[in-house]
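Counting convention: from 1, in listed order, for ligands and their atoms alike.
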Amino acid sequence: MKDAETFPTDPHPWSVLREAADEALRFLEGLGGRRVGPVATAEELRTALGGPLPDGPEYPDRTLARLAEAAEAGLVGTPGPRYFGFVVGGSLPAALAADWLASAWDQNAGLYIASPAAAVVEEVTGGWLADLLRLPSGISAGFVTGGQMANVTGLAAARHQVLAQVGWDVERRGLIGAPDVRVVVGEERHVTVDQALRMLGLGTDATIVVPADGQGRLRADALADVLDRPGSGPLIVCAQAGNVNTGAFDPLAVTCDLVHAQGGWVHIDGAFGLWAAASDALRLLVRGAEQADSWATDAHKWPGVPYDSGLAFCAHPRAHRAAMRIQASYLVPGGEARDNMNFTPEASRRARGLPVYAALRSLGRSGVAALVERCCAHARWFAASLGAAGGVEICNEVVLNQVLVRFLAADGHHDARTRAVIKRVQRDGTCWLGGTTWQGQALMRISVSNWSTTTDDVDRSVEAILRCARE
Ligand SMILES: *Cc1c(COP(=O)(O)O)cnc(C)c1O
């Protein structure tokens with residue numbers, strides 16, 4: 001086969017990247033004006049995107065144009081300023097551009113030898129993050145896909161350490177016949193903590209669940225009771241910084257004190273809440289977080305790194321490495337700098353540190369703080385504006401960027417009315433937000449996590465929500 005027949009190109013095979021950039025600009029610059037939710041149904045998208053596998057090659061620009069056109073109606077304005085569903089940040093310009101370079105450079109960031117630049121960028125960025133988030137210097141960092149894998153990584157390090165303390169090498173021997181590990185979680189932990197425990201072979205049946213208070217915070221008195229019960233040995237406690245519904249924080253300082261008094265390990269799931277540490281105004285919420293043993297957070301929620309970007313930090317780099325290390329005869333150890341693959345579940349992977357580096361560089365310390373504070377101020381403005389309307393109830397203490405809203409119905413069917421309002425808002429398209437069930441009630445859930453949201457975006461969204469509520 002002649003090389004040139006692999007695919008047809010004009011004399012400039014990479015010129016399609018300019019068209020990709022044009023397409024991206026069209027999308028991004030149109031976000032403020034576009035309908036936020038998707039337009040097409042799955043069936044319409046199957047028709048637009050489907051059909052048989054092509055028999056032969058086509059020009060790259062043709063492929064790109066077709067893809068962009070067919071996908072358009074199924075795209076969601078998640079990176080835009082009026083998307084308030086789940087907890088979804090939007091890409092910062094510098095982070096997105098660096099992410100493009102990560103793809104263009106196509107480095108295998110697993111090994112130092114395969115990309116010294118990717119290795120050193122992660123080393124440097126890990127240090128910046130520890131500084132920014134007020135975590136101890138000297139912690140190790142793993143750049144993973146998201147909060148889910150950050151929880152897996154932190155808890156794998158925990159599993160290693162608490163079992164090593166009783167003479168059990170879990171990486172070699174597994175969990176069959178291992179000493180029991182007491183795993184303690186808060187009632188309102190995120191579902192990915194359970195998933196991590198399942199993947200790590202710890203399961204969920206044996207977890208001890210500590211009751212939470214009305215805001216979803218693990219109750220310190222209940223944790224103390226649990227830890228007072230007879231039983232010693234390996235102990236892992238999962239705490240949370242930023243509840244996915246209310247934004248509330250577990251009492252982290254007391255938790256760390258209680259658990260460390262028993263020689264246990266504290267893992268903090270701070271997927272978005274940990275970023276509060278970057279702000280002087282909000283830092284009190286995460287007081288004590290720095291005493292934990294491992295932390296999970298997401299750079300794709302705050303401060304605006306494109307998907308997928310999670311971070312696992314560990315105060316015990318040796319445990320982190322022992323849990324994640326990969327060894328093979330052909331994998332040459334770095335020597336001069338770390339091999340990233342020893343700190344994440346992945347082996348080969350993209351240079352995920354580059355966009356995080358660019359986000360932090362472009363915002364600086366004050367920019368990250370301002371971004372987080374602005375989102376929280378917008379959340380308070382949502383709560384104040386909606387709460388001032390008749391028949392609307394704000395159901396959480398708005399301590400961070402999350403707002404829970406209930407629409408009261410004259411007939412007492414508040415759940416049905418709230419669900420109906422959410423549906424109408426989603427159809428209306430001015431903004432997008434979702435629902436949740438919180439303490440037995442159906443509620444609207446607003447999350448402000450995008451750097452580009454303005455007060456005007458909030459006002460327009462409030463107007464749309466109240467209009468839908470009146471219908
Ligand atoms: C989003 C979230 C996760 C999971 O993170 P992913 O990036 O979706 O994997 C875990 N914990 C909390 C508290 C979250 O908000």
Side-chain angles (χ1 to χ4, degrees), residues 76 78-79 83-91 95 99 129 133 141-156 158 185-200 204 207 210 212 215-218 237-250 252 255 266-277 282 285-286 289 292 294-313 344-346 349-350 352 355-356 359 372 375-376 379 396 399-404 433-434 436 438 445-450:
V76 178
T78 41
Y83 188 87
F84 305 110
F86 309 100
V87 185
V88 171
S91 304
D99 200 61
L129 286 162
L133 300 174
F143 291 69
V144 295
T145 47
Q148 171 69 81
M149 290 320 283
N151 280 330
V152 168
T153 305
L155 289 170
V185 299
E187 187 184 353
E188 289 295 341
R189 68 201 172 280
H190 194 265
V191 285
T192 54
V193 169
D194 287 359
Q195 174 76 331
L197 294 172
R198 281 193 286 270
M199 286 197 256
L200 290 167
T204 48
T207 50
V210 179
Q215 297 297 313
R217 293 174 292 231
L218 171 155
V237 177
C238 304
Q240 179 167 259
N243 176 282
V244 84
N245 283 306
T246 62
F249 291 71
D250 287 350
L252 302 173
T255 298
V266 179
H267 171 74
I268 296 181
D269 174 7
F272 56 101
L274 201 59
W275 295 93
L282 297 165
L285 293 168
V286 281
S294 57
W295 304 263
T297 193
D298 265 325
H300 58 220
K301 288 180 179 166
W302 270 337
V305 174
Y307 289 105
D308 34 29
S309 187
L311 298 158
F313 303 114
T344 64
E346 298 89 2
R349 63 174 174 85
R350 63 193 278 101
R352 188 167 281 126
V356 186
V372 171
C375 289
C376 296
N396 66 318
V399 294
L400 201 68
N401 62 327
Q402 305 291 116
V403 188
L404 297 177
L433 35 74
T436 188
W438 175 248
R445 182 167 167 280
I446 299 171
S447 173
V448 191
S449 352
N450 190 304

Provide the number and element of each atom of ligand 1 under 4.0 Å from a heavy atom of [X].
X    : answer
G147 : 4 (C), 5 (O), 6 (P), 7 (O), 9 (O)
F272 : 15 (O)
Q148 : 4 (C), 5 (O), 6 (P), 9 (O)
G242 : 13 (C)
T192 : 3 (C), 4 (C), 10 (C), 11 (N)
K301 : 1 (C), 2 (C), 3 (C), 4 (C), 5 (O), 14 (C), 15 (O)

| said: Could you measure the distance from the CD atom of E188 to the CD atom of Q240? Nearest 0.5 Å is fine. | reply: 8.0 Å
| Once you round to the nearest 0.5 Å, how far does CG of L311 lie from CE of M149? | 13.5 Å
| query | With a 4.0 Å cut-off on heavy atoms, does V244 reach ligand 1? | reply | yes
| message | Less than 4.0 Å is my threshold; does some heavy atom of G310 fall inside it relative to ligand 1? | response | no
| said: Please compare S449, S309, S447, A271 and report which has the shortest non-hydrogen distance to atom 12 (C) of ligand 1. | reply: A271
| query | Between the candidates R189, E188, M149, H190, which shows the shortest non-hydrogen contact distance to atom 3 (C) of ligand 1? | reply | H190
| message | I need the nearest protein heavy-atom contact for atom 13 (C) of ligand 1: residue, atom name and distance, please. | response | D269 OD2, 3.5 Å
| message | Starting from atom 7 (O) of ligand 1, what is the nearest protein heavy atom, named by residue and atom, and what distance separates them? | response | D298 OD2, 2.7 Å
Given 3.5 Å as the limit, does a donor-acceptor pair link the side chain of [X] with the main chain of [Y], or not?
X    : Y    : result
D298 : G147 : yes
N401 : C375 : no
R352 : D308 : yes
T246 : Q215 : yes

| said: Counting only heavy atoms from other residues, nucleotides and ligands, does the tally under 6.0 Å from OH of Y307 exceed 12? | reply: yes
| Would T297 and W275 count as a side-chain contact (heavy atoms from CB on, under 4.5 Å) if you check the C-alpha gap in whole Å, the side-chain angles of each, and the deciding distance to 0.1 Å? | CA-CA 8 Å; T297 193; W275 295 93; 3.0 Å; yes
| said: What I want to know is whether Q240 and ligand 1 share at least one N or O pair that is separated by under 3.5 angstrom. | reply: no
| Closest heavy-atom contact between W438 and G216? | CH2-CA, 3.6 Å
